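Some notes on the structure that comes next.
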Amino acid sequence: MKSFVHGEINEFVQWYDTDGNIINASDGGIIYADGKYHWYGQYLRPLSATEGGQITTVGVVMYESENLLDWKYEGVILAPSNDPESEIFAPLRFERPKIIYNDKTKQYVLWCHYVRHPGRLGRCYGESEAGVAVCDRVNGEYKWLGWSRPVDSKGFVRDSALYKDSDGTAYFIYDRHVHEEGAKPDFSEDDRCLYVVKLSDDYLSFTDTYKRIDAASWREAPAIVHKGEYYYIVTSGLTSWATNQAKAFRTKHLLDRWESIGDPCVDDETHTTFNTQSTFAFKVEGSDTHIMMFERHNTNNFVECSYVWLPVEFNDDNTIALRYKKEWSI
Ligand code: GAL
């Protein structure tokens, strides 16, 4: 029987699509639509971090599967432009893309951490923002609508995520970074914190309703999971591509106060989130299993990053636990 294979925590194990190519869908997510899982992410380059492997010339791609193990490549869903005048002139970054479906407008809405050409971490207005694109099919060509900044114009957008609640309200969660325009990237004195921002009814813009997750200052890579009375966010510290210790937070209401519940990783002896960074969480259809997706970034060659998907355990005291598995199946 097939399974999710991760290997040892210092190993990079590649996953392949049904054509035999390496799955290249960095830091994306899963959306279930038309009876299938669709896995999307940013298509990276076979280069190191110093050479810009984390920057894309292809865009966001998608794969489909019925069993979460056999993935068929569906193609590019959000392509950059070749026009130097365009906002999405390649190379750039559509980092950590996430997609949700709007039941009212019948559109799929993609938000990402947009890093303008040439895709180096932005230091000026317009370089590191929240980008949005839409499509009327899950796997069609998404149309770029532009970028903006939630909350106010002072905070750069860094890592971000999306969450659609059961009542249809959707939220943009991001690492808000208040940094002096154009200043050197010595970020040590800056104000950084995760925020939850309510989206408009059509999910295409931000409302003025938001919450600063005070407990989650200097955190990124947010992945949200909901079960029972609580919403949980798993996050990473800010050490760029180097791995660090995870920390989770919980709340009963997304716009209310969040509290820290510590590191959810069990027996993580190296305190590195099993040598990964959090990406996204989803529920397996027709089951009670929630899977949290992590990524082991390979800074020598970003095409050889590896995916680590772990089942989320929900404890009786309303905390969560994550245990490393070299290999497992649902
Ligand atoms: C990581 C972050 C990535 C990317 C990278 C750039 O920590 O999670 O999304 O922004 O830093 O240095």
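Just so you know, these numbers come straight off a predicted model, no measurement behind them. The figures here come from the full heavy-atom set of this structure, side chains too, leaving out hydrogens, waters and symmetry mates. Atoms within each ligand, like the ligands themselves, are counted from 1 in listed order. Just so you know, residue 1 is the first one in the sequence shown, and it goes up from there.
With rounding to the nearest 0.5 Å, the separation of OG1 in Thr272 from CD in Glu269 is 10.0 Å. A distance of 10.0 Å separates SG of Cys193 from OH of Tyr174, quoted to the nearest 0.5 Å.
For the side-chain hydrogen bond (donor to acceptor under 3.5 Å, both in side chains) test, no residue two or more places apart in sequence or in another chain qualifies with Gln42.
Proximity of the aromatic rings of Trp15 and Tyr63 is defined here by a centroid distance below 6.0 angstrom, and this criterion is not met. In this structure, Trp39 has its ring center at least 6.0 angstrom away from the ring center of Phe282. Here Phe172 and Phe206 bring their ring centres to under 6.0 angstrom of each other.
Protein residues lining ligand 1, listed by chain and number: Arg93, Glu95, Arg96, Asp159, Glu220, Ser240, Trp241, Gln277 [non-hydrogen atoms, distance under 4.0 Å].
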